[in-house]
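In what follows, every chain begins at residue 1, and chains take the letters A, B, ... in the order their sequences are listed.
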Amino acid sequence: MKSKFFVTTPIYYVNDAPHIGHAYTTILADVLARFHRVAGDEVFFLTGLDEHGQKVKQAAEKRNMSAQAHCDDLAPRFLNLWQKLDIRYDDFVRTTQERHKRIVQMVLQKVYEAGDIYVDEYEGWYSVAEERFITETEYATGQFRDVKKIQEKNYFFKMSKYQKKLVEYIETNPGFIQPEHRKNEMLGFLRQPLGDLCISRPKARMDWGIEIPFDRDYVTYVWFDALVNYISIPGYGSDDVKFKKWWPADVHLIGKDILTTHCVYWTTMLFALDLPLPKTIFAHGWWLIGQTKMSKSLGNVVNPLDLIEQHGTDAVRYYLMREMVLGMDANFTQDSFNKCYNSDLANDFGNLLNRVSGLITKNHEGKIPDPGVLTPAEEEIKAQANALQGKVTALINAFQVQEAVSLIIEFVRVLNKYMELQAPWKLAKTDMKAAERVLYTAAESLRIVSVMLSPVMPEKTKTVLDVLGSLGTTASWGQIPVGTILKSHPALFPRIEVEKK
RNA sequence: CGCGGGGUGGAGCAGCCCGGUAGCUCACUAGGCUCAUAACCUAGGGGUCGCAGGUUCAAAUCCUGCCCCCGCAACCA
């Protein structure tokens, strides 16, 4: 069934260059978006940058630049990476854009007028070194120098007012927060009384943000600004038709580190605006190296660009999708990358193409042969091929990307086995019709596999489809053009030679 | 008792909700094939399912306790 699919990534904070965490979420969103496009859905894929706030300001000062210049300098790094990773987003927001700022101010005004924003004195521990308030927990660690208790006039959003409603919503909408253990985590969090959210920063202390329309001495808190992108870009307050078409989002993809901001801040903001909540908030895990989180301070950050240079974008996309069970943490190692690449891509997928195209070139004048009448062996392959899209779509809709990819590559293994059993290289000497039937079946299956893998590996599957003289739009049996002359091609995924220990 | 997740052959995971020969990929061993990227196919070795109890004819799977690892504990993107 055709429908709309609106997927978002978080907008990334521009205090530093992009890393694998950013790349992972964005590739995941892109893969989901492409799967939905293949299924015929109308897709809106939104990503972008979060450019305001304390840390951006500090990063800019460190580089002796204005905050805006700093953002303008970093934005292309993200855009370039997305281009290299074949990210096909439909819109890219920067929170410093007028189209966004206007809507944030409108939202603030609206919530203020509705009585959900009030003035109060904020009292808390302030770290002079960090130039920010720290939490009680942080204070308790004793790791912050120059800490003093200060009071400050600020604006607060009545988050507490919506606590009960939120808990009820989460409980009556089991698919809202996924995976389930994150939902439980949020419900646990919400068992304690929820406070209100301080959503202002006095300009005297921090001026890099969106000005609060009803008090020009303040800018708004960066999260109150950033989260609004999910509605400001699809047209809230500016294009009712567009907004009605896309909102609510089908899924906000996030890292597990920003679960609370999305499940509590954002949802209560939407309640205050009287807007429907996104259908799903999905928190994925982290990429770990060995057993530790990838972090700059540990110097173990895998630069996605290096991987792409060495093995190509598609291989990296495939590895990231294949290796992480959505919602869990996963380990990144060069070793596991090599294994995944060699076994799935080189040995199974790439090699199958070589076998099929090589045999057709050698024994059948390089033309896709006519299948003739299928025997039970081919009917079995055909049935599996035809069933693939339905199964994959169901898994994708359940956010089981890893399982979906596994299912497709399992079918590739079935095809290699089929080749082995039928041995068309032998049949060519004894029964040419049978050889043709087998190779047609293998080629057509390979075409369907390529269509199904195209969301994960847009470039390489395009190559395969091109070799087979096909367009790659349908995943149902019988589309490959008989008689087409195969194009020659280099090895799809050259093996990574690993030195034996 | 703050809340939650995890502990399954050498490695990485599935199975646990709905008890009943412990499955997959990689690695390893032997054989086959030789169309192919030293690839592919077949067979095989290897597991006290964290520990200890309990329920049951039967537990990785349900219950209890304990140990270990990880996450959350808000206004920090």
### With T268(A) via side-chain hydrogen bond (donor to acceptor under 3.5 Å, both in side chains) - residues at least two apart
none
### Query
Does Y155(A) have any ring-ring contact (aromatic ring centres under 6.0 Å, His included) partners at least two apart in sequence or in another chain, and if so, which?
F214(A), Y218(A)
### Query
For RNA chain B, what residues of residues 406-417 of chain A have any heavy atom nearer than 4.0 Å?
R413(A), N416(A), K417(A)
### Message
Going by the rule ring-ring contact (aromatic ring centres under 6.0 Å, His included), which residues pair with H311(A) if we only count those two or more places apart in sequence or in a different chain?
### Response
F337(A), Y341(A)
### Query
Any stems for RNA chain B, made of 3 or more Watson-Crick or G-U pairs in a row, each with both distances under 3.5 Å?
B:2-7 with B:67-72, B:10-13 with B:23-26, B:28-32 with B:40-44, B:50-54 with B:62-66
### Message
For Y418(A), give me all partners under ring-ring contact (aromatic ring centres under 6.0 Å, His included), at least two apart in sequence or on another chain.
### Response
none
Restricting both atoms to N or O, compile the protein contacts to nucleotides 30-34 of chain B shorter than 3.5 Å, with distance only.
{"residue": "G32(B)", "atom": "N2", "partner": "E420(A)", "partner atom": "OE2", "Å": "3.2"}

### Summary
What residues 344-359 of chain A contributes to the RNA chain B interface at heavy-atom separation below 4.0 Å is A346(A), N347(A), D348(A), G350(A), N351(A), N354(A), R355(A), L359(A)
### Query
When you check the gap from the basic side-chain N to the acidic O, do K153(A) and D215(A) get nearer than 4.0 Å?
yes
### Query
Pairs in or reaching into residues 340-356 of chain A: which pass salt bridge (charged side-chain N to carboxylate O under 4.0 Å, His left out), with residues at least two apart or in two chains?
R322(A)-D344(A), D344(A)-R413(A), D348(A)-R413(A), R355(A)-E420(A)
### Non-neighbouring partners of F349(A) that pass ring-ring contact (aromatic ring centres under 6.0 Å, His included), sequence neighbours left out
none
List the atom pairs, with distances to 0.1 Å, where a side-chain N or O of residues 356-363 of chain A and a protein N or O form a donor-acceptor pair under 3.5 Å, not counting sequence neighbours.
{"residue": "S357(A)", "atom": "OG", "partner": "L353(A)", "partner atom": "O", "Å": "3.0"}
{"residue": "S357(A)", "atom": "OG", "partner": "H489(A)", "partner atom": "NE2", "Å": "2.9"}
{"residue": "T361(A)", "atom": "OG1", "partner": "S357(A)", "partner atom": "O", "Å": "2.7"}

### Task
Keeping to residues at least two apart or across chains, list the side-chain hydrogen bond (donor to acceptor under 3.5 Å, both in side chains) pairs with something in residues 435-446 of chain A.
E378(A)-R437(A), E444(A)-R447(A)
